[in-house]
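Take a look at the structure set out below.
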Amino acid sequence: MSDSVSLSAQVVILAPFVAAILGLLVARNRPAGALISIAGAAVSLVAGAHVLYAIHHGPFSPEVPTVGPLPLGQLKMPLTLLVDELSAIVVVAVAIVGLAVQLFSQWYLHDDDRYGVFVASVSLFLSAMFLVVLSGDLVLTLIGWEVMGWCSYLLIGHNSRKESANKAATKAFLVTRIADLAFVIGLIILASGVSTTSITAVIDGWPDLPAASLTAAFLCLLIGVAGKSAQFPFHDWLPDAMEGPTPASALIHAATMVAAGTFFLARLFPIFVLSDPARLALAMITAVTMVGAAIIAFGQSDLKRMLAYSTLSQIALMLSALAVAPASVGAGPGVLHLLSHAMFKALLFLAIGWLSVLVAGTAAAKMSGGVRYHPQLRLPIAIGLLALAGVPPLVGFVSKESILGAAYDNVTELGSLSGWIVLVSFGVTVVLTAAYCTRAWLVLTHLSPADEAVRRASLAASRTVVDVSLVEIFTEPAPGTVRDSSGTPGQPAAEVEHDHGHAGIFPGARVSIGALAFLSVVGGLIIFTPLVGVEPHLVWGLAASSLLLILVAWLSVRRMAAMNSSGDAADFLGARRIALFDRGFGVDGIYVAVVSPVVRLARIVVTADRDLIDASVRSTVVATRWAGAASERAHTRKPSDYLVWLLLGLLVVGVSGVTLW
Amino acid sequence: MSQAVVSVNAGLLLPVLAPAAGAAIILVTDVVVQHLRRTHYVIALLSLLVGAAATVAGLGLGRVAGEARRTLCLPDGGQCMYVADSVTSTLQLAALLTAALTLLLSWPDDKLESPGGTAVIVSLVLAATAGATAVAGARDLGTWLVALELATLPTVALVALRGARSAISGAVALLTAALVSFGLLALAAGLWYTATGSGFLTPVAALAMVGDPTRRPILVLAVVVAIAGIGFKLSLVPFHAWTPEAYDGAPLPIAAFLAGVSKIAALAALLVMIRAIAPLGAPPLAAIAIVSAVSMTLGNIMALRQNGVIRLLAWSTVAQAGWVVLPLAAVSSSAVHASGAYLLAYVLATLLAFAVIAALVQIRGAARARDLAQYRGLLGDHPILASALALALLSLAGLPPGILGLVAKVAALRPVVDSELWLLAVIAAFNAVLGVAVYLRWLLVVISTSDPAAKVPAPAVPDGVSPVAATVARVHPATLVAVGFTAVALVVTSLSPQTLVGMLGI
Amino acid sequence: MIHLWLPLLLVCVLAGAGAYGVIARRNAVLVLIGVELILNAANLLFVTTASVRGDQLRTGYVLTLFLITIAAAEMGVALAVILALFRDRGHIDLSEPGS
Amino acid sequence: MILLFAALAIPAVAGTALILSGRGSRPLSGGNANMLSLVASLATAAFVLAAVIARPVVDQQWLPSLGIRLQFAVDGISAPLLILTAALSVAVVVHAGSRPPHGGSPATFYGCLQLVELGALATFFARDAIIFYVSFEIVLIPMWVLISRYGDSRDLVARADASGRFVLFTVLGSTLMLIGILALVQASGTASLDALAASRGAGLERHTQIIIAALLLVGLSIKIPVFPLHTWLPPAHTIAPTAGSVMLAAVLLKMGTYGVVRLVIAPLPIGFGALAPAFAILGVAGIIWGGLACLVENDLKRLIAYSSVAHMGFVVLGLSSGTTVGLQAALFANIAHGVVSALLFFLVGGLKERWGSADLATARAALREVSPRLGFALIVGFAASLGLPGLVGFWGEFLAMYSAWNPAPDRPLLLMRVLVVVAVLGAGVAAGYSLRVLRLIWSGDRTTPAHTDARGGEWSVLAVLVCSVLVLGVAPGLVLNSTAKDVAAITAEVSR
């Protein structure tokens with residue numbers, strides 16, 4: 001079986017990669033593009049499933065070769081894949097979401113002239129994510145990691161005719177890239193310690209090496225993870241990334257890029273647990289993010305952005321599991337939540353995307369009552385929101401409770417600060433999550449007729465560039481979220497022009513939503529299989545109290561919603577505050593504060609390059625001219641003067657000759 | 001006076017005797033048959049070629065450290081007054097061929113001369129050439145002084161003979177400098193004699209004083225005063241001031257002569273002295289280093305300002321003279337070879353440049369041929385000449401395809417580096433840059449497309465006649481031969497520098 | 001060696017005077033005289049050295065004769081050029097810039 | 001041996017013939033010149049490829065008086081560069097076929113390209129230090145002619161300035177290098193690069209090594225170019241015609257770093273070790289400096305020139321580390337930059353011709369809208385330029401940083417690590433300027449003024465380069481395996 005596992009693992013990565021290249025070649029041909037992209041994802045799913053099956057049924061070699069080791073002298077770089085239970089199950093989850101997204105895109109983008117390019121990018125994205133998941137080498141991880149970032153740039157900026165999409169794409173890439181700089185250094189430190197980039201060697205070797213270096217490495221890695229997983233303070237790119245088409249959002253925010261950080265830390269969990277300072281840092285980051293994002297999510301006027309903030313919060317949950325899980329528990333709870341989040345969040349995005357097509361918008365006002373008019377969406381969205389809120393027996397409940405259990409174990413076994421931090425923030429987040437889920441549900445099922453009057457022209461006016469500096473990208477408020485003076489919710493630009501008319505949803509897209517909904521319901525059962533390696537471990541007291549909290553949130557949001565006519569509980573906050581929420585409390589300011597000095601510095605550099613460095617070069621020209629003019633004057637053409645020179649020359653030559661010889 | 005000079009090898013002396021005899025024959029012929037022109041040139045060229053042929057045996061080609069041939073020796077196996085080793089023979093060959101090319105260049109001009117002027121000019125050229133070949137072989141103070149003066153005085157006359165105003169001031173500048181320099185050389189000879197007690201400019205003589213430390217400063221003084229005296233002839237700063245005046249004032253072929261034969265004679269004289277003191281194990285000569293550095297720098301800086309090509313070449317001579325003596329700052333045998341090699345490369349390239357200018361004088365007239373701005377579009381109008389000029393300029397700049405110049409630069413820098421004269425080497429590097437600027441400034445004009453707004457009408461090239469044929473038709477055959485010979489020589493030596501450098505021996 | 005002082009001093013004086021003449025005089029003929037002084041200094045040096053050294057070849061004396069001859073030839077050319085200069089400009093002032 | 005001579009003789013003869021043929025009564029037409037040049041380049045490429053496979057050795061007397069021998073050979077380090085040179089020479093000719101040169105006779109243009117190729121090939125073939133220098137100089141005049149005659153003719157003063165700067169800077173550099181070479185040859189008694197590498201500086205005093213290494217490094221740094229000796233590069237690139245920019249960036253700059261490996265690191269390990277920290281500092285300064293300049297530069301060609309400075313900074317950093325990883329990184333980054341800069345300059349050169357200028361401050365049609373092929377190539381080019389993993393630019397940068405984090409024992413560890421941190425910031429800046437350019441010209445909704453997309457020769461060249469960027473990015477072993485053995489030989493002493 002070992003050969004077939006290796007082959008399948010390679011196919012998992014190669015299939016979407018080949019699909020991406022082929023897809024680009026046939027980008028103009030829509031059916032071919034659809035076929036190739038869907039086939040790519042499907043092949044990956046099959047191969048992934050085979051890997052998952054095979055490794056539980058027989059011996060296999062975990063190290064799978066790729067392009068061969070690189071000859072780098074002292075540094076060993078085997079560039080192998082690492083197949084084990086962890087990577088196999090995540091591969092399958094990613095492949096499911098990927099296939100669903102590809103199927104859904106076929107319908108969602110059926111009138112987009114760049115459909116072919118889009119699905120090719122998605123394929124490449126999937127390939128990169130598979131690479132991260134299957135990677136047994138830090139460098140391969142980095143490759144997948146960054147390629148995903150680049151693909152996210154392409155996907156978010158898919159509608160490159162629209163300025164806001166371009167800005168969001170640029171922002172997403174730059175923010176994650178800057179965080180990745182630290183990530184690269186972290187990887188270099190890890191590799192340096194053991195002179196190899198093999199992950200197994202890193203895990204085996206580091207326990208014997210100085211803990212300070214390990215902490216340094218992980219602090220660097222955490223910055224990268226925070227960037228990629230959109231954790232505070234790098235979180236702001238993700239809500240803006242909603243500018244991308246909904247399938248892209250589903251892909252980026254459900255199973256792949258943002259979860260890659262979780263997966264990577266889970267992969268390195270055996271040595272991550274050795275570094276308490278790094279774990280504390282992660283706990284604090286995630287605590288801030290999970291609570292903050294959940295609060296902001298509640299106040300969003302745009303339901304898609306609300307989902308984006310909920311993603312931040314949920315990712316923080318997964319990461320917090322890694323920050324607190326005792327070594328005995330392992331990375332299982334975090335990974336479990338990764339899987340469950342992949343299912344229900346993909347479900348939610350696709351379903352909201354579907355709805356947005358039907359109601360032509362994603363703003364809360366636009367979607368108000370949407371589910372009532374489109375009952376076929378009632379069930380999927382309900383399942384998704386329930387899972388998100390963590391209501392039993394849906395998959396969200398199972399995974400969240402296992403995280404809770406891990407935190408509890410931490411507090412009881414280790415009693416560390418991070419355990420407490422996570423436990424408390426978890427409790428707050430449960431309430432808030434239930435609250436915004438309830439709010440969303442109430443909005444979607446609101447009775448009053450949808451306000452069809454609000455239609456704003458696209459912001460994507462034709463671009464007249466003078467000089468777009470990087471500052472500008474960050475200084476303008478996120479588009480489509482500004483409410484005008486009448487208090488009418490602004491139309492988010494994302495889906496405005498996306499007019500599918502009443503073209504019926506394609507069966508493939510419908511099936512994919514159905515499958516995701518099914519998995520969200522029964523996915524929790526995975527805990528009873530050996531696939532994840534998590535002991536069914538519910539702390540009943542905590543589970544009961546979290547259920548209680550959910551109930552309380554449900555009731556209070558219902559009350560709030562009932563108090564205003566729009567049925568939107570968030571209106572309770574008032575227009576001004578919601579605008580503040582929509583801007584994500586202005587975290588953009590941090591980026592501006594970072595970027596504008598850089599641009600100022602760049603201007604100084606250009607000036608210095610011209611007026612200092614190059615001026616010194618030019619000064620030689622001036623000096624030469626000046627010397628030429630001076631010596632021109634000296635050459636008087638008088639023979640008598642020349643005779644004086646001659647004898648002076650004799651003097652110089654004589655003196656220098658006699659003294660210096 | 002009991003010892004007489006016993007050995008006289010006339011064959012060995014032929015490089016000196018042939019041009020001298022040629023000069024005599026021409027003067028006699030002129031007395032007998034007046035108004036001859038072509039005959040004089042033929043006689044002169046023949047005598048120069050005979051002399052050149054006589055040098056071939058002494059070249060270092062294919063021989064490993066060939067034994068020097070000597071004559072005019074003292075009887076008891078003592079020292080010789082004339083030594084023809086590979087360096088000597090090569091410099092002699094170069095001087096003779098350069099003189100021949102100069103004559104070829106002046107051939108078309110001779111209609112302008114007064115009747116009988118041809119004989120005077122040609123014989124003066126031959127006389128100066130004889131001086132140059134003699135000084136290369138001279139190993140005693142007397143021959144050295146006389147030969148050097150023989151190489152110098154006729155050039156003053158040659159410059160002055162044209163009688164134009166500019167020629168007079170050139171001649172005066174040249175004359176005054178020559179006179180004072182000769183005075184210095186005489187002093188240097190006296191000091192050498194005082195220091196060594198010998199009239200020979202040989203290592204044996206120099207080594208004789210090693211035991212007496214008080215005489216060493218006198219020897220040094222002799223050397224540096226000689227450098228100052230020869231510096232004038234080599235156009236080294238600050239002894240250079242006559243150069244632009246004389247080049248500009250003199251007829252073009254004479255300027256070429258000054259740039260060629262005169263420089264060969266001067267370097268030959270300097271090399272005689274340097275070789276004499278080289279075995280002393282002398283430390284680097286700061287005097288030469290200073291003079292070399294200043295010459296390069298000033299020459300290049302001034303050349304950058306010139307708008308007339310002759311003056312530009314004059315200043316380039318000053319700069320190149322700095323390069324020529326650069327290796328001599330390290331007093332060694334390899335430095336002598338390097339200096340000789342650089343000189344050969346410089347002379348060849350400069351001659352080609354002068355030959356092209358001479359051809360252009362015939363096509364376009366003197367005024368246009370001397371003005372840098374008028375070279376615009378030359379590549380389109382006269383591709384052959386422009387290509388030859390480009391090759392010459394690039395050789396002077398030391399850039400491929402002028403690989404000869406490049407190799408010369410390598411050779412010149414090597415002794416400097418070997419002696420670890422880092423500062424001098426770096427100054428030379430900067431001057432290499434300045435030099436490139438000088439020659440590319442000219443080349444840029446040459447390869448630029450001609451300005452359509454220029455008032456000068458395009459040369460009337462009939463349709464169907466290639467620019468090459470048009471060029472050939474309008475240039476005197478002698479000039480064409482000169483251009484062709486130097487160009488081919490430059491190409492061949494660029495492909496295989498060994499043919500030139502190897503002459504100097506190892 | 002004390003007796004050498006005088007001739008050598010004279011050499012220096014002659015050379016210095018010649019150099020002064022070369023530098024300070026503007027008249028071309030006076031400059032020529034300066035050069036002659038330098039040459040004579042060299043001659044004196046040769047003779048002095050030869051008398052001390054007892055050179056078998058009599059180099060010093062022979063060279064002195066050589067120098068005198070060369071100087072004569074040189075003066076011939078020089079005077080011709082100066083004459084041409086005078087014809088051309090009407091003066092022989094070397095401090096006038098050339099054309 | 002025939003292979004080697006043929007690989008050098010064909011461009012030499014073809015170049016000379018083309019230049020001279022432009023001067024006859026019936027000058028060669030542009031098409032014929034292109035065809036002739038293409039045939040010559042292809043033949044050269046074939047012989048180079050054969051030479052790379054057969055590894056012939058030539059050792060002949062050339063200038064015995066100065067002890068210079070015609071020594072040519074191929075080894076693992078030079079092989080990738082040779083292939084790069086030969087391939088790009090074909091590419092520039094093909095590209096010029098669909099975008100012909102302006103400003104003078106086409107035959108001369110192609111002739112100069114052939115001579116540039118000759119010089120570059122000879123440099124990489126050379127096994128004698130002096131021959132290396134001679135070859136190094138061969139490229140100068142043809143490149144100068146390319147810039148000064150075929151360059152951007154809108155501002156003639158700027159053109160003369162740019163071409164002059166190029167040639168003068170480079171001559172200064174190469175003459176300093178010559179002084180260094182001569183000193184090296186004198187000190188170690190041989191001019192053979194192989195013998196020099198084998199001796200590893202044995203018998204040379206530390207201070208001698210330092211002086212020689214300093215001379216060589218300063219000289220070569222001008223060519224690379226290393227901050228602050230880079231100011232000739234932006235104007236030269238801005239003015240040069242597309243083919244000139246490509247050869248300049250992709251081939252000529254490589255001669256500098258190649259020279260550092262051959263002439264400094266291999267024969268003077270101790271001297272280089274002493275200077276490596278300073279060299280690394282300048283390299284990293286270049287990374288930051290070039291990157292920052294790109295953030296606000298408004299001329300696209302200048303921008304790419306500055307990004308070249310930044311990229312070469314990574315090469316310098318890798319070289320300075322003194323380890324096998326570092327050398328491998330530098331050599332790979334060399335090739336990577338060759339491919340990427342060639343791609344970008346082909347693109348930008350084509351864009352400049354279409355737009356009439358390379359000014360970013362003017363509103364242009366979005367490339368993605370009007371010319372998707374150019375847009376695609378651009379996005380791949382800049383992705384590679386910002387060092388995106390999986391593309392060719394990544395490996396050199398990452399490995400260079402790794403190597404500097406773990407430098408050879410005689411390097412100051414703390415300093416090198418600080419430099420890595422700074423360099424990584426430079427990589428961040430690279431992302432900034434790359435995205436800035438993409439935002440300005442790739443995305444957006446303008447479709448006016450419309451221009452044509454890449455077709456024919458231009459598109460095939462771009463496509464091949466895009467493929468190389470991908471293939472080398474996915475399989476860096478193609479280059480690294482070639483260089484590994486010889487690099488190990490060089491660093492064997494250093495790393496211990």
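Here the structure is a predicted model, which means the values were calculated and not measured. Hydrogens, waters and symmetry mates are skipped; everything else that's a heavy atom, side chains included, is used. The chains referred to below are lettered A, B, ... by the order of the sequence lines, with proteins before strands, and numbering in each begins at 1.
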Could you go through the side-chain contact (heavy atoms from CB on, under 4.5 Å) check for A:Val117 and D:Arg368 one step at a time? CA-CA 11 Å; A:Val117 177; D:Arg368 201 181 186 193; 3.8 Å; yes
Tell me which of these, D:Val325, D:Leu168, D:Leu391, has more heavy-atom pairs under 4.5 Å with chain A than the rest. D:Val325
Top of A:Glu146, A:Met77, A:Arg114 for chain D proximity - count of heavy-atom pairs under 4.5 angstrom: A:Arg114
With a 4.5 angstrom heavy-atom cut-off, which part of D:Asn481 approaches chain A: side chain, backbone, both or neither? both
Can you list the residues that meet the side-chain contact (heavy atoms from CB on, under 4.5 Å) rule with A:Ile178, with sequence neighbours excluded? none
For a 4.5 angstrom cut-off between non-hydrogen side-chain atoms, does A:Lys162 reach D:Asp445? no
Top contributor to chain D contacts, counting heavy-atom pairs under 4.5 Å, from A:Leu142, A:Asp113, A:Val621: A:Leu142
Does the side-chain contact (heavy atoms from CB on, under 4.5 Å) test come out yes or no for A:Ile613 and D:Trp289, once each step is laid out? CA-CA 11 Å; A:Ile613 296 186; D:Trp289 194 267; 3.7 Å; yes
Walk me through whether A:Asp609 and D:His230 qualify under side-chain contact (heavy atoms from CB on, under 4.5 Å). CA-CA 9 Å; A:Asp609 199 60; D:His230 63 279; 2.7 Å; yes
Look at D:Leu327, D:Leu470, D:Val420, D:Leu438 and state which one has the largest set of heavy-atom pairs under 4.5 Å with chain A. D:Leu438
Side chains of D:Arg436 and A:Thr170: does their closest heavy-atom pair fall under 4.5 Å? no
Under 4.0 Å between a side-chain nitrogen and a carboxylate oxygen: does that hold for A:Glu163 and D:Arg439? yes
Sequence neighbours excluded, the answer for side-chain contact (heavy atoms from CB on, under 4.5 Å) partners of A:Leu154 is A:Ser121, A:Trp150, D:Ile379, D:Trp442
For the atom pair OG (D:Ser443) and OH (A:Tyr153), what is the distance rounded to the nearest 0.5 Å? 5.5 Å
D:Pro235: which residues meet the side-chain contact (heavy atoms from CB on, under 4.5 Å) condition with it, sequence neighbours left out? D:Ala162, D:Arg165, D:Arg302
Rounded to the nearest 0.5 Å, how far apart are NZ of A:Lys171 and CG of D:Leu435? 14.0 Å
For chain D, find which of A:Asp180, A:Thr66, A:Leu181, A:Leu24 contributes the most heavy-atom pairs closer than 4.5 angstrom. A:Leu181
Tell me which of these, D:Val421, D:Ile288, D:Leu480, has more heavy-atom pairs under 4.5 Å with chain A than the rest. D:Leu480
Between A:Val605, A:Leu601, A:Leu72, A:Val67, the one whose heavy-atom pairs under 4.5 Å with chain D are most numerous: A:Val605
Counting heavy-atom pairs closer than 4.5 Å to chain D, which one of A:Ala608, A:Gly73, A:Ser195, A:Ser160 comes out on top? A:Ser160
Heavy-atom distances under 4.5 Å only: say whether D:Pro234 touches chain A with side chain, backbone, both or neither. neither
Please classify the contact between D:Glu369 and chain A as side chain, backbone, both or neither, with a heavy-atom cut-off of under 4.5 Å. both
Name the option with the most non-hydrogen atom pairs under 4.5 Å to chain D; the candidates are A:Leu187, A:Leu612, A:Ile189, A:Ile604. A:Ile189
If contact means a heavy atom pair closer than 4.5 Å, which residues of residues 394-402 of chain D contact chain A? D:Phe394, D:Trp395, D:Phe398, D:Leu399, D:Met401, D:Tyr402
Under 4.5 Å to a heavy atom of chain A? For D:Val487 that would be neither
